[in-house]
Number of protein chains: 2
Amino acid sequence: MTRWQPDARGRLAQAALELYAERGFDGTTVADIAERAGVTERTFFRHFADKREVLFADGDVADVLVEGVAGETPLAAAIAGFAAVGAVIQDRRAFAEQRNAVIAASPDLQERELIKLASWADAVRDALLAQGVDPTEAALAAQVALAVFRSAFQRWLTSGKDADFARSIRETADALRALVV
Amino acid sequence: MTRWQPDARGRLAQAALELYAERGFDGTTVADIAERAGVTERTFFRHFADKREVLFADGDVADVLVEGVAGETPLAAAIAGFAAVGAVIQDRRAFAEQRNAVIAASPDLQERELIKLASWADAVRDALLAQGVDPTEAALAAQVALAVFRSAFQRWLTSGKDADFARSIRETADALRALVV
DNA sequence: CATGGTGATGTCAGTTTCTGACATGACCAT
DNA sequence: ATGGTCATGTCAGAAACTGACATCACCATG
């Protein structure tokens, strides 16, 4: 006789995404999420630091990001890092869409999203630093690459069901070059 | 006999900045802030939506930003908008430094800072749209200009007491051009 | 001068988020 | 079998916020 069902964390994450989609972030209490997942509220807070974080457990995405940082120039390298993340996201488009819709509907979740993206930019900056890039240049390249990623993500979402993330990145990078000239 | 001292809102903002600097954001309760300002906790929440917002009442900065959006190219126009804000910030350097230090010390405050900056980028994007710029191009230009602003702000802070914000912006914009080439 | 409306604040009760401390019991190594 | 470990449960409480209603200086109006 097992005392608890396995993967409480996964059930909590799933329940949270569903409830945020059904009733909105504000209309959902942590007690609701815990109940649907079949655990107590206290267990929720053992797995996730707060009510928002449950949507942002990216696992090892940061590793993918950092390993992808390589290229001819610092900016190209930074963009390549984000492109690697794009490839991961592309494999779960339906999830990405639902999650994106939920976040777009809640300022609280947007805040958390922004700081997560900022931490990605910091990781890219650090990767560039490790490759000997000048600190100021690395920070700027990471921020600009993030801007490209965000724009490319929107482009990918609005480009239909079978859009290619790498293509969206390339197109956005081209648009950037056109802007700066 | 006046029933209350004037400018409760201003006193709350001042008390909050002081206390966040003294004890940190987490170490400060809204009751602490209200007490120092000589009002009740309820009054705090009438003036500010939440505990973070008290540091982010920028007043008419968004107007300055939008009015500053003008230039030869969309990116130049977007950067000009942020440069206009820079000029305002430059006039209150000591305040900017203290506020920046307080925010840097708290992830919660950083989140709010990021979403405020994002809303600035959205305002710039809308201003570009109003000038007939292509939507995708406008969004990207606004995001890139924000990256330039953030980098320029750091540069300005670390460039000594009498640094010129406009100069930091120019230098960062030059760095961007060098990156993209 | 009286009267009544307005607006900023106070008071208070309640919900929700989040934390610390301690208890439980299945599982595992010895 | 015995004891340790680890995920979870239980409980109490602090702090962030919200809604409803009360107060009373001030001000316009007759």
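Computation of the quantities below employed the complete heavy-atom set of this structure, encompassing side-chain atoms and omitting hydrogens, waters and symmetry-equivalent molecules. Residue numbers start from 1 in every chain, and the chains themselves are labelled A, B, ... in the order their sequence lines are given, proteins ahead of strands.
Taking side-chain N and O atoms only, A:Thr43 has no distance below 4.0 Å to OP1 or OP2 of D:dA7. A sub-4.0 Å separation between OP1 or OP2 of D:dA7 and a side-chain N or O of A:His47 is absent.
The residue among B:Ala49 and A:Gln5 whose nearest nucleotide of DNA chain D lies closer to the 5′ end is A:Gln5.
A:Phe165 does not carry A:Arg170 over the face of its six-membered ring by the limits of under 6.0 Å from the centre and within 45° of the normal.
A:Phe25 has its CZ atom 12 Å from the P atom of D:dC17, to the nearest Å. A straight line from CD of A:Glu35 to P of C:dT16 spans 13 Å, rounded to a whole angstrom.
At the heavy-atom level, B:Thr40 lies under 4.0 Å from base atoms of the strands shown.
Listed nucleotides D:dC11, C:dT16, C:dT9 differ in distance to A:Thr29; the shortest reach to its side chain belongs to C:dT16. Comparing atom distances between the B:Arg42 side chain and each of C:dG20, C:dG10, D:dG19 picks out D:dG19 as nearest. Relative to the side chain of A:Phe45, the nucleotides D:dG19, C:dC18, D:dA7 differ in distance, and C:dC18 lies closest.
Interface remark: the A:Arg3 side chain does form a donor-acceptor pair with the C:dG25 base, using a distance-only criterion of under 3.5 Å. You won't find any donor-acceptor pair under 3.5 Å spanning the side chain of B:Arg46 and the base of C:dG7, going by distance alone.
Note: B:Phe44 and B:Phe48 have tilted aromatic rings, judged against thresholds of 30 and 60 degrees for the angle between ring planes. Ring orientation note: the planes of B:Trp120 and B:Phe82 are tilted relative to one another, at an angle of 30° to 60°.
Within the 4.5 Å cutoff, side-chain heavy atoms of B:Asp26 are placed close to those of B:Asp108.
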